[in-house]
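What follows is a set of notes on a single structure, which appears directly below.
Just so you know, residue 1 is the first one in the sequence shown, and it goes up from there. Order of listing sets the numbers, starting from 1, for every ligand and every atom in it.
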Amino acid sequence: MSKILVIGAGGQIGTELVLALRKLKGNQAVIAADVKDTCPSLLAEGPYVKMDILDRELVRGYIINNAITEVYLLAALLSATAEKNPDFAWKLNMEGLFTILDLAKEGHLSKIFWPSSIAVFGPTTPMDNTPQHTIMEPSTVYGISKQAGERWCEYYFNKFSVDVRSIRYPGLISYKSLPGGGTTDYAVDIFYKAKAREKFTCFLKEDTALPMMFMDDAINATIQLMEAPSENVKIRSAYNLGGISFTPKTISAAIKKVMPDFEIVYQPDFRQAIADSWPNSIDDSYAEKDWGWKHQFDLDAMVKVMLENVNVELVAAK
Ligand code: NAD
Ligand code: AKB
């Protein structure tokens, strides 16, 4: 019987991942953990623990005493927030990973999921259909932390047989919880403005193409990777994952097909330089070959679901 702990469960991915894992494994088998005082209301059906991943002894004690078998470690500062606080971003994004990798090395955990990002790539990476194995010279503190994390995951797998699995998520688009401070957040924010019938001011230029994915696809990929037989998981740094690639102009055109009055204006800020350093699109053929990955949602399908489900009160409540 697996007993799963999701750390950073109150965030954009964590909320939906906990819901999906509980559906699969049962409410009591999946414990949500976050530094936040209170559990997100969507997760109220199962256990919640307040936990700071930087409190190494607390985290170790909890995992050992509660016989946790698997950890999904999601707590991190994302690209835009990390640029504003590089020292803390490096600390949070790296120290938590070592705490969990060491627990697995000591035999307390049988499996770990730790997410990487398209931010591992940089300005010298081939931008179109970016290969799995290529030049990686990230220029953001977030990207540097993800690249270092990938190297350490692979190292712990090779040296200590730690079963750690990872995906380089593209920008994720969802409506159940808000994004947490990334460069791709515009592609979520745009739906809240469209739904509120307000003009959207985009912080990226209209022709900035980035790899993106609807959250349902990302959650399916995560669970598919974690359920795959260990011998099929041949890449222990992190798998490239594609999805849909679009620019602010193309996503706004897709919204206009449904809401012809929608208006967008462009006011690029510091996030433009981050976006410019990331790929336009991703080659995810290794994920397809090794564990059967295929995305489901294209741009129009995602726009439809987002416009139907975005709740503008979520932003007001933030
Ligand atoms: P998020 O910011 O929405 O959520 C992170 C959660 O971690 C928050 O609920 C926060 O309260 C919690 N947290 C922060 N500090 C903590 C601490 N010290 N201890 C415990 N919890 C803490 O982020 P997200 O978008 O859900 O991303 C989760 C992971 O996936 C991150 O590692 C991120 O780098 C990665 N990722 C996300 C995306 C995306 O588009 N959302 C893309 C690529 C990679
Ligand atoms: C961000 O923009 O920082 C994240 C990511 C792609 O890692 N959404």
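Some N or O of Tyr142 is nearer than 3.5 Å to an N or O of ligand 2, by distance alone. Backbone and side-chain nitrogen or oxygen atoms of Ile53 are examined, and one is located within less than 3.5 angstrom of a nitrogen or oxygen of ligand 1. For Ile7, no nitrogen or oxygen atom sits less than 3.5 Å from a nitrogen or oxygen atom of ligand 1, counting backbone and side chain alike. At a 3.5 angstrom cut-off on N or O pairs, Tyr169 does not count as close to ligand 1. Checking only distances, Leu172 does come within under 3.5 Å of ligand 1, N or O to N or O. For ligand 1, one of its N or O atoms has an N or O atom of Asp52 under 3.5 Å away. Residue Ile13 has at least one N or O atom closer than 3.5 Å to an N or O atom of ligand 1. Below 3.5 Å of separation, one finds no N or O of Ser116 facing any N or O of ligand 1.
Aromatic pair Trp293/Tyr239: centroids not less than 6.0 angstrom apart.
Looking at heavy atoms from C-beta onward, Leu77 lies out of side-chain contact with Tyr142 at the 4.5 angstrom threshold. Leu54 places a side-chain heavy atom less than 4.5 Å from the side chain of Leu92.
Salt bridge annotation for Arg165-Glu154: absent, with no cationic side-chain nitrogen under 4.0 angstrom from a carboxylate oxygen. Remark: Glu150 engages Arg168 in a salt bridge, criterion side-chain N to carboxylate O under 4.0 Å. Ion pair Arg236/Asp163 flagged as a salt bridge, since at least one NZ, NE, NH1 or NH2 atom sits closer than 4.0 Å to an Asp/Glu carboxylate oxygen. Under a 4.0 Å N-O distance rule, the pair Asp261/Arg197 does not qualify as a salt bridge. A salt bridge is absent between Arg22 and Glu45; no separation between the charged side-chain nitrogens and carboxylate oxygens falls under 4.0 Å. Look at Lys205 and Asp207 and you find no salt bridge, because none of the NZ, NE, NH1 or NH2 atoms lies under 4.0 Å from a carboxylate O.
By the criterion of a heavy-atom distance under 4.0 Å, the side chain of Lys36, and not its backbone, is placed next to ligand 1. The part of Leu78 lying near ligand 1 is the side chain, judged by heavy-atom distances below 4.0 Å. Heavy atoms of Leu92 found under 4.0 angstrom from ligand 1 belong exclusively to the side chain. Residue contacts with ligand 2, taken as heavy atom pairs separated by less than 4.0 Å, do not involve Ala119 at all.
Both Leu101 and Tyr62 belong to a common hydrophobic cluster when Ile, Leu, Val, Met, Phe, Trp and Tyr are linked at side-chain heavy-atom distances under 4.5 angstrom.
In terms of protein heavy atoms, atom 9 (O) of ligand 1 is closest to Asp34 OD2, 2.7 Å. For atom 4 (O) of ligand 1, the closest non-hydrogen atom on the protein side is Gly11 CA, 3.2 Å.
For ligand 2, the atoms sitting less than 4.0 Å from at least one non-hydrogen atom of Thr183 are 1 (C), 2 (O), 3 (O), numbered in the order shown with element in parentheses. Each of the following atoms of ligand 2 lies closer than 4.0 Å to a heavy atom of Leu78: 3 (O), 4 (C). Listed by atom number, the atoms of ligand 1 under 4.0 Å from Gly180 heavy atoms are 2 (O), 3 (O). Distances below 4.0 Å separate heavy atoms of Ser79 from the following atoms of ligand 2: 1 (C), 2 (O), 3 (O). Applying the 4.0 Å criterion to heavy atoms of Ser117 picks out, from ligand 2, the atoms 5 (C), 6 (C), 7 (O). Less than 4.0 angstrom separates some heavy atom of Gly10 from each of these atoms of ligand 1: 9 (O).
Between Trp114 and ligand 1 there is no heavy-atom distance shorter than 4.0 Å. Heavy-atom separations between Gly171 and ligand 1 include at least one value shorter than 4.0 Å. For Pro170, the heavy-atom gap to ligand 1 drops under 4.0 angstrom. A heavy-atom separation below 4.0 Å is not found between Arg168 and ligand 1.
Between Phe214 and Phe297, the ring planes lie tilted relative to each other; the angle falls in the 30° to 60° range. Aromatic ring orientation, Tyr169 versus Phe113: tilted (interplanar angle from 30° to 60°). Ring pair Tyr286/His133 is perpendicular by interplanar angle, where above 60° counts as perpendicular and below 30° as parallel.
A cation-pi arrangement is present between Lys105 and Phe160 under the rule of less than 6.0 angstrom and at most 45 degrees off the ring axis.
Looking at Ile13, Thr184, Val120, it is Thr184 that brings a heavy atom closest to atom 8 (N) of ligand 2.
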